[in-house]
Amino acid sequence: MTTLTPPFPVVSGTGSEPATRAPETDRGARPKLLPHRIIAIGGGKGGIGKSILAVSLAVELARRELRVVLVDCDLGGANLHSLLGIDQPTSSLSDFVLRRAANLSELQVPTTVPLLSLISGARNPIPIANPLYQQKVRLLRALKKLDADVLVLDLGAGTHYNVVDFFLLAHHGILVAVPEPTSVENAYRFLKAAFLRWLKALDSRHEIKDLIQDVARAEALAAITPAELVSAVTRRDAAIGATLAQELATFMPLLIVNLVRDTRDLTLGESMSIASRRLLGIELTYLGHVRYYDQLWRAVRAHRPVFSDQLGRPFAADLAVIGGRLLACVRAEELA
Amino acid sequence: MKRRTKEDPWEVLGLKPGASASEVRRAYERLALALTPGALALYSLINDEEQQRLNERLRHAYVTLLRATSGSLPGKRERQERAPAPAADTPDAAPPPVRSAEPPPPSPDSSPPMPVIDEATEFSGAMLRLIREARGLTLREVVDRTRIRTQQLVWLEEEVYNRLPERVYLRGFVMTYAALLRLDPERVWTSYEQRQQAAMSAATS
């Protein structure tokens with residue numbers, strides 16, 4: 001399966017990633033290694049190791065000499081600081097949302113990992129779990145201004161539009177699934193919810209609201225897949241259908257399969273990608289899997305950082321594959 | 001089941017036209033594995049009927065391309081050796097015009113051409129299906145004559161290994177089916193079982 005196994009010197013750059021190296025020459029002038037990228041990690045279900053994955057991925061990207069800010073957007077129950085083995089920061093996202101902090105950079109705290117900092121959500125009072133859309137947009141605008149190469153947003157569970165909005169507003173949305181029917185079902189549900197939410201945003205951009213609503217009503221929106229919606233719209237108006245198809249092609253979520261215990265499940269990610277393309281019409285790009293590591297859970301339980309070297313090479317290799325493919329996607333989009 | 005004659009088989013398998021026979025096989029096997037009935041990746045996405053249609057589309061595209069890329073010779077050798085005389089021994093077969101609704105085989109025959117069968121032939125499920133069709137037999141007729149259930153035959157041809165019965169029963173099915181196709185049952189079973197075991201160990205290694 002994993003044909004990509006880059007060498008794994010801890011923390012220092014791998015040297016095997018051409019494009020993270022290439023821009024290094026002009027690094028002095030604070031040009032960016034990458035255009036400022038926001039990567040959101042979500043998934044339909046709780047308890048599938050999303051937060052640990054977000055931390056691990058952020059560490060992996062920092063290891064590749066990218067300046068990474070991990071943002072705890074699980075606005076209901078954030079706790080990334082403990083996974084990083086640091087004390088609860090005194091300020092958090094809620095200070096920004098409630099306008100007690102003018103700048104997000106005030107909230108940024110360093111971690112023990114070079115180039116990785118954290119914006120905590122741990123102190124968010126419950127009402128912040130449902131910010132208004134304007135607050136979200138303001139937050140996102142501020143996130144885009146942060147001085148960093150990559151922001152990794154850890155989203156909460158569920159398919160609530162708050163979660164979905166962050167997923168869509170990010171440059172890249174990563175969906176996490178585990179090899180269980182409930183998780184797979186939730187992943188597809190999340191994709192469909194994201195697509196519908198995203199269509200609403202489209203409405204205003206192309207004056208096609210009426211047509212989409214019309215079609216949606218006629219075809220019973222809840223049951224319709226993106227592909228079916230596009231073809232239904234096309235039947236009524238070929239030009240708008242073409243626009244919609246074009247937009248659908250830019251909706252490109254990514255997928256990570258987490259907690260793989262059985263070797264048979266190593267093919268799940270690719271299969272889900274095929275199924276999503278064939279049956280939903282959504283191009284779901286598979287980034288890779290992370291196997292189940294007992295040591296990881298022991299580390300969490302012992303309040304040790306989850307990225308320690310003791311986790312060993314297989315875990316590092318899993319993440320290196322994912323990190324490499326993720327950056328390839330980022331760069332592909334940059335070129336497009 | 002035989003409606004979609006317009007569909008481009010290359011597109012169904014996600015290939016560029018002109019791909020080689022082995023690329024066709026790999027693409028099909030990859031898709032068939034991902035979209036196999038009961039696959040975890042399909043959970044909540046598809047009902048039985050859609051599943052059946054999807055698998056039929058894939059298989060149809062595969063068989064069409066397999067013919068186009070490899071077995072398009074009329075299989076003279078095979079015919080001389082075994083003198084199959086298609087349809088002659090199947091009085092209950094549907095009349096030829098019906099069968100020609102199948103994808104147009106590059107042959108004037110009413111049945112699709114017989115694939116080349118030699119020492120190296122691998123008796124995959126798809127190959128058995130090709131031979132069955134070349135013999136002018138429908139699934140229905142095979143069911144009637146072998147008493148193997150339709151679903152089992154479909155799975156046998158599709159190589160849905162996790163749905164097929166225990167080895168002893170499967171062996172019986174494959175050998176009975178092979179005999180009906182006038183093939184050497186032992187050889188067919190050996191070949192079929194090899195593929196099955198390779199696939200199973202690939203899935204668990």
Side-chain angles (χ1 to χ4, degrees), chain A residues 1-3 43-45 48 159 175-193 195 222-228 231 255-286 289 291, chain B residues 4 6-16 19 23-62 158-164 196-205:
Chain A
M1 261 316 284
T2 52
T3 47
K45 200 168 172 292
I48 57 174
T159 55
L175 190 59
V176 182
V178 299
E180 286 167 23
T182 44
S183 170
V184 171
E185 179 175 15
N186 271 303
Y188 293 134
R189 197 177 289 159
F190 187 92
L191 279 182
K192 285 195 241 179
F195 173 73
I224 202 167
T225 68
E228 285 163 356
S231 54
L255 172 70
I256 294 175
V257 176
N258 199 19
L259 304 184
V260 175
R261 294 167 196 249
D262 192 321
T263 47
R264 271 174 302 184
D265 293 328
L266 291 176
T267 55
L268 176 65
E270 215 212 350
S271 296
M272 284 180 71
S273 170
I274 290 173
S276 172
R277 186 186 316 130
R278 295 266 159 171
L279 302 171
L280 294 179
I282 293 176
E283 197 66 39
L284 179 63
T285 305
Y286 178 50
H289 62 263
R291 284 165 278 183
Chain B
R4 50 191 76 73
K6 265 165 53 184
E7 214 169 35
D8 176 10
W10 298 108
E11 208 178 295
V12 174
L13 296 187
L15 290 165
K16 289 197 185 79
E23 284 170 322
V24 167
R25 207 192 49 172
R26 270 201 304 276
Y28 173 74
E29 285 175 355
R30 208 173 125 255
L31 287 170
L33 177 72
L35 306 173
T36 196
L40 181 54
L42 293 176
Y43 190 77
S44 81
L45 271 191
I46 194 167
N47 63 33
D48 285 354
E49 193 193 325
E50 290 164 336
Q51 169 92 61
Q52 226 173 16
R53 253 183 294 150
L54 176 68
N55 287 82
E56 175 65 23
R57 277 174 60 202
L58 289 178
R59 201 172 51 236
H60 186 90
Y62 177 48
E158 276 176 30
E159 302 184 339
V160 185
Y161 300 126
N162 59 354
R163 294 299 182 96
L164 286 168
Q196 181 193 23
Q197 284 175 350
M200 299 298 247
S201 67
T204 54
S205 64

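To find a chain, count down the sequence lines: A is the first, B the second, and so on, and within it residues start at 1.
- In terms of heavy-atom pairs under 4.5 angstrom with chain B, the leader among A:Pro181, A:Ala187, A:Ala275 is A:Pro181.
- Atom CD in B:Gln51 sits 8.5 Å away from atom CG in A:Leu279 (nearest 0.5 Å).
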Just distance, no hydrogens or angles: give the donor-acceptor pairs under 3.5 Å from side chains in residues 32-48 of chain B, sequence neighbours left out.
{"residue": "B:Asn47", "atom": "OD1", "partner": "B:Glu49", "partner atom": "N", "Å": "3.1"}
{"residue": "B:Asn47", "atom": "OD1", "partner": "B:Glu50", "partner atom": "N", "Å": "2.7"}

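- For chain B, the nearby part of A:Arg278 is the side chain; its heavy atoms alone come within less than 4.5 Å.
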